[in-house]
Structures are given as structure tokens and as C-alpha cells.
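Okay, so here's the structure we're looking at.
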Amino acid sequence: MLLKSIYSCKLKLILTFLSSVISVLALLLWNNQMSLIINTVLVNALSIDLIKSSVVIILLCTFAVFSSKLFINLTAEHISHKLRINIASRFRCISYKEAEELSTGEQISLLQNEISEISLYLRNDLFTLAEDIMRFMIISAWMLYINAQLAAFMLIPTIFLGIYTYFSASLIAKTTREAQNANRALNDTLYQSIGAFPIMHLFECEKLCIDKFESSLKKWKNAVIREERRRALLMSLSAFLSCVPLLILFAAGGTAVINGTETVGMLYAFLNLSGSVSGLMMNLPNRLAGFKRFSVNLNRLENSCDICSRGMEN
């Protein structure tokens with residue numbers, strides 16, 4: 001279902017990809033320009049031509065970033081809209097009898113929760129993660145082309161940081177899954193209580209219903225607290241470790257500048273771009289945990305629609 005929605009937006013996806021590539025290339029162009037400015041200032045004064053070209057590059061970077069964010073938001077919203085339409089079409093031909101048997105009200109309520117979280121992830125995380133990965137690959141390739149030795153000092157520690165982020169993301173995803181299951185159990189308890197309320201009121205079983213709901217609420221609360229604590233701990237450690245490649249790059253680059261094998265401007269460009277490399281690894285545990293939540297919601301959405309479709313066939 002999601003692939004069908006994505007395929008219907010293939011033109012916007014192509015434009016989003018191209019705008020993201022242009023944004024990264026503009027970033028590289030600006031850093032190269034800053035390197036030239038720094039090296040020029042160390043020797044003599046800035047020229048008018050250099051200032052004019054810098055202004056043009058700044059405007060180009062501004063337009064590239066704006067276009068990238070605009071296409072990302074438009075594409076994400078279009079995919080979410082197509083997904084809603086595809087789901088609504090599943091319910092369109094259900095008869096009244098089938099709707100009662102399928103408990104359509106509960107199905108729609110669940111679908112609204114899943115669709116809301118899926119749309120939020122598409123808009124805030126999925127395309128941003130893809131853009132970060134593409135930025136990481138392009139900038140790493142540029143660093144290796146300009147100075148392979150400095151790039152190696154930056155990328156090798158980043159590989160070990162990536163190993164850490166993989167395991168930490170698995171731990172965060174586990175607690176995320178537990179929190180989602182607890183939330184689903186809480187929703188099930190609420191729906192069952194609402195559906196059985198007349199009978200429970202007749203036999204004066206309201207206290208039993210409240211106790212069951214409070215028990216489910218407490219389990220969900222504890223699961224969310226565990227998720228946030230583990231996320232905060234692992235993300236803080238990830239942020240600390242992401243500074244290690246920067247420190248190694250600064251030490252190696254500073255030594256190269258002292259020995260005269262590298263310029264101050266190019267060292268600045270490497271240091272400035274290092275955030276795009278290590279920053280991906282720093283945010284990766286949270287991003288992967290979010291992707292896990294996204295995939296779980298998507299599977300639940302598919303299962304709910306399959307139930308609905310089987311009801312229509314019967």
C-alpha cells in the first residue's frame with residue numbers, strides 16, 4: 001500500500017532527490033569558497049570579485065536548501081494523502097452488516113492513529129534520513145578526493161561509531177516496540193470497556209473496568225518511561241562519541257598545517273563538513289528507532305486493511 005502511494009509520486013520523488021543533491025553540492029561549493037577566502041585573507045586583502053562570487057554562492061545555497069525542504073515536505077504530504085485515499089477506498093464498499101461484524105468504528109480509530117504517526121515520520125524523519133545518508137556519501141567521497149589521508153582520520157573512527165549506533169539503535173527499538181505494544185493493549189482495554197459498558201453497568205462491574213484500565217495505563221506509562229530513559233542515555237553517549245572523529249581530524253589536520261602539507265582554509269572546510277559525517281551517526285540510533293516504529297505502524301495498517309478486505313470478500 002505504501003509502495004503504491006510512493007509510486008504515484010515518482011515525479012515528486014525525482015525532484016526531491018535532485019534538489020537534495022543540488023543542496024549538498026551547494027554546501028560543498030560554499031565550503032570550498034570559505035577555504036579560498038581564509039587562504040586569501042592570510043596572504044592579502046579580499047578582492048571585489050571574490051566578494052561578489054561569495055554573495056552569489058550564498059544565494060545559491062539559500063535557494064538550494066529552501067528547494068530541498070520544500071520538495072521534501074510536499075512529497076511527504078502527497079504520499080500521506082495518497083495513503084489515506086487508498087485506505088478509505090477499502091472501507092467504501094462495506095455493507096452495514098459487514099461494518100458491524102468488522103467493528104469499523106474501532107478499525108477507523110486505530111487507522112487514524114497509525115496514519116497520523118506514519119505521516120509524521122514521513123514528513124519529519126524518513127526523507128531527512130535519506131538526505132543525511134546521501135550527504136554523508138557525497139561529502140565522504142569529496143573528502144577522499146581532496147585529501148585521502150585527512151579523510152581517513154575522519155572516516156575510520158566514524159566506522160566504529162557506526163557499530164555503536166547499530167547496537168544502541170537495536171536497544172532503543174526494543175523499548176520502542178514494548179511501548180507500542182503497551183499502547184495497543186491500553187487501546188484494546190478502552191474499546192472493550194466502551195463496548196461492554198451497558199452490561200457492566202447492569203451488573204455493577206464499573207470498578208473492575210476501571211481497575212483493568214488503570215493497570216493497562218500504568219504498564220504503558222512505565223514502558224514509555226523506560227523508552228525515554230534508554231533513548232536519552234544512549235543518545236547522550238552517541239553525541240559524546242561523535243566528537244572523537246572531530247578531535248582526531250583536528251589533531252591530524254593541525255599537524256598537516258604546521259608541516260605545510262595542508263592549508264588552513266582546507267582544514268576549516270574539513271572541520272566544518274565533519275558534522276555532516278559524524279552527525280549522521282550521532283542521530284542514527286534515534287532515526288533507526290523511529291524507522292522501527294514506522295514499520296510497526298505500517299504493518300498494523302496493512303493488517304487492519306487486510307481484515308477489512310476479507311470482510312468485504314465474505
Side-chain angles (χ1 to χ4, degrees), residues 2-3 5-35 57-58 60-80 118-148 150-152 154-166 168-169 235 238-239 242 245-246 249 269-295 298:
L2 180 63
L3 293 178
S5 302
I6 292 176
Y7 183 76
S8 64
C9 306
K10 55 182 179 297
L11 179 59
K12 287 186 174 64
L13 285 172
I14 294 173
L15 293 175
T16 301
F17 173 77
L18 292 177
S19 64
S20 297
V21 171
I22 294 174
S23 176
V24 177
L25 295 178
L27 177 64
L28 292 177
L29 182 61
W30 169 245
N31 279 272
N32 188 69
Q33 184 74 4
M34 283 298 301
S35 173
I57 293 175
I58 290 174
L60 176 62
C61 289
T62 303
F63 176 76
V65 172
F66 172 78
S67 300
S68 177
K69 298 302 180 183
L70 177 64
F71 280 114
I72 285 175
N73 290 330
L74 287 177
T75 304
E77 188 57 39
H78 194 194
I79 292 175
S80 299
I118 288 174
S119 300
L120 187 64
Y121 183 80
L122 286 173
R123 187 167 57 252
N124 295 338
D125 292 313
L126 183 61
F127 287 100
T128 304
L129 175 60
E131 187 180 34
D132 287 345
I133 293 174
M134 182 175 59
R135 184 184 293 112
F136 172 84
M137 296 173 62
I138 294 176
I139 291 177
S140 298
W142 181 83
M143 286 182 170
L144 289 170
Y145 174 76
I146 296 297
N147 191 322
L150 280 184
M154 177 67 196
L155 295 176
I156 291 177
T158 304
I159 294 174
F160 292 100
L161 180 60
I163 296 174
Y164 163 78
T165 57
Y166 173 79
S168 60
M235 288 297 295
S238 177
S242 65
L246 178 62
L249 176 63
F270 269 69
L271 292 174
N272 194 34
L273 291 172
S274 64
S276 299
V277 178
S278 60
L280 171 66
M281 296 301 174
M282 180 182 68
N283 297 319
L284 198 58
N286 197 30
R287 295 279 176 81
L288 291 179
F291 183 78
K292 180 64 177 180
R293 182 190 295 271
F294 166 75
S295 61
L298 193 61

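The residues of the chain are indexed from 1 along the displayed sequence. For the numbers below, each heavy atom of this structure counts, side chains included, while hydrogens, waters and symmetry mates do not.
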Would you check if [X] and [Y] make a side-chain contact, meaning some heavy-atom pair closer than 4.5 Å?
| X | Y | answer |
| --- | --- | --- |
| M143 | L150 | no |
| F270 | W142 | yes |
| I139 | L27 | yes |
| L28 | L273 | yes |
| T75 | L15 | no |

Nearest 0.5 Å please: distance from the [atom1] atom of [X] over to the [atom2] atom of [Y].
| X | Y | atom1 | atom2 | answer |
| --- | --- | --- | --- | --- |
| R135 | T128 | CZ | OG1 | 9.0 Å |
| N32 | I57 | CG | CD1 | 8.0 Å |
| C61 | I22 | SG | CD1 | 12.0 Å |
| F63 | S19 | CZ | OG | 9.5 Å |
| I72 | S20 | CD1 | OG | 4.5 Å |

Notebook entry, point to check: Which atoms form the tightest heavy-atom contact between L129 and Y121, and what is the distance?
Noted result: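 The answer is CD2-OH, 4.3 Å.
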
Margin query: Tell me the closest heavy-atom pair linking V65 and S23, and the distance in Å.
Written below: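 Heavy atoms of V65 and S23 come nearest at CG2-OG, 3.9 Å.
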
Checklist line | side chain to side chain donor-acceptor pair (under 3.5 Å) partners for N147, two or more places apart | finding: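 Side chain to side chain donor-acceptor pair (under 3.5 Å) list for N147, sorted by chain: E262.
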
Next item on the list: With sequence neighbours excluded, tell me which residues meet side chain to side chain donor-acceptor pair (under 3.5 Å) with E131.
Entry: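 Side chain to side chain donor-acceptor pair (under 3.5 Å) check on E131 returns S68.
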
Check: Is S140 reaching over with its side chain to a backbone N or O of M137, donor-acceptor style, under 3.5 angstrom?
Finding: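 Checking the backbone N and O of M137 against the side chain of S140, no donor-acceptor pair under 3.5 Å is found.
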
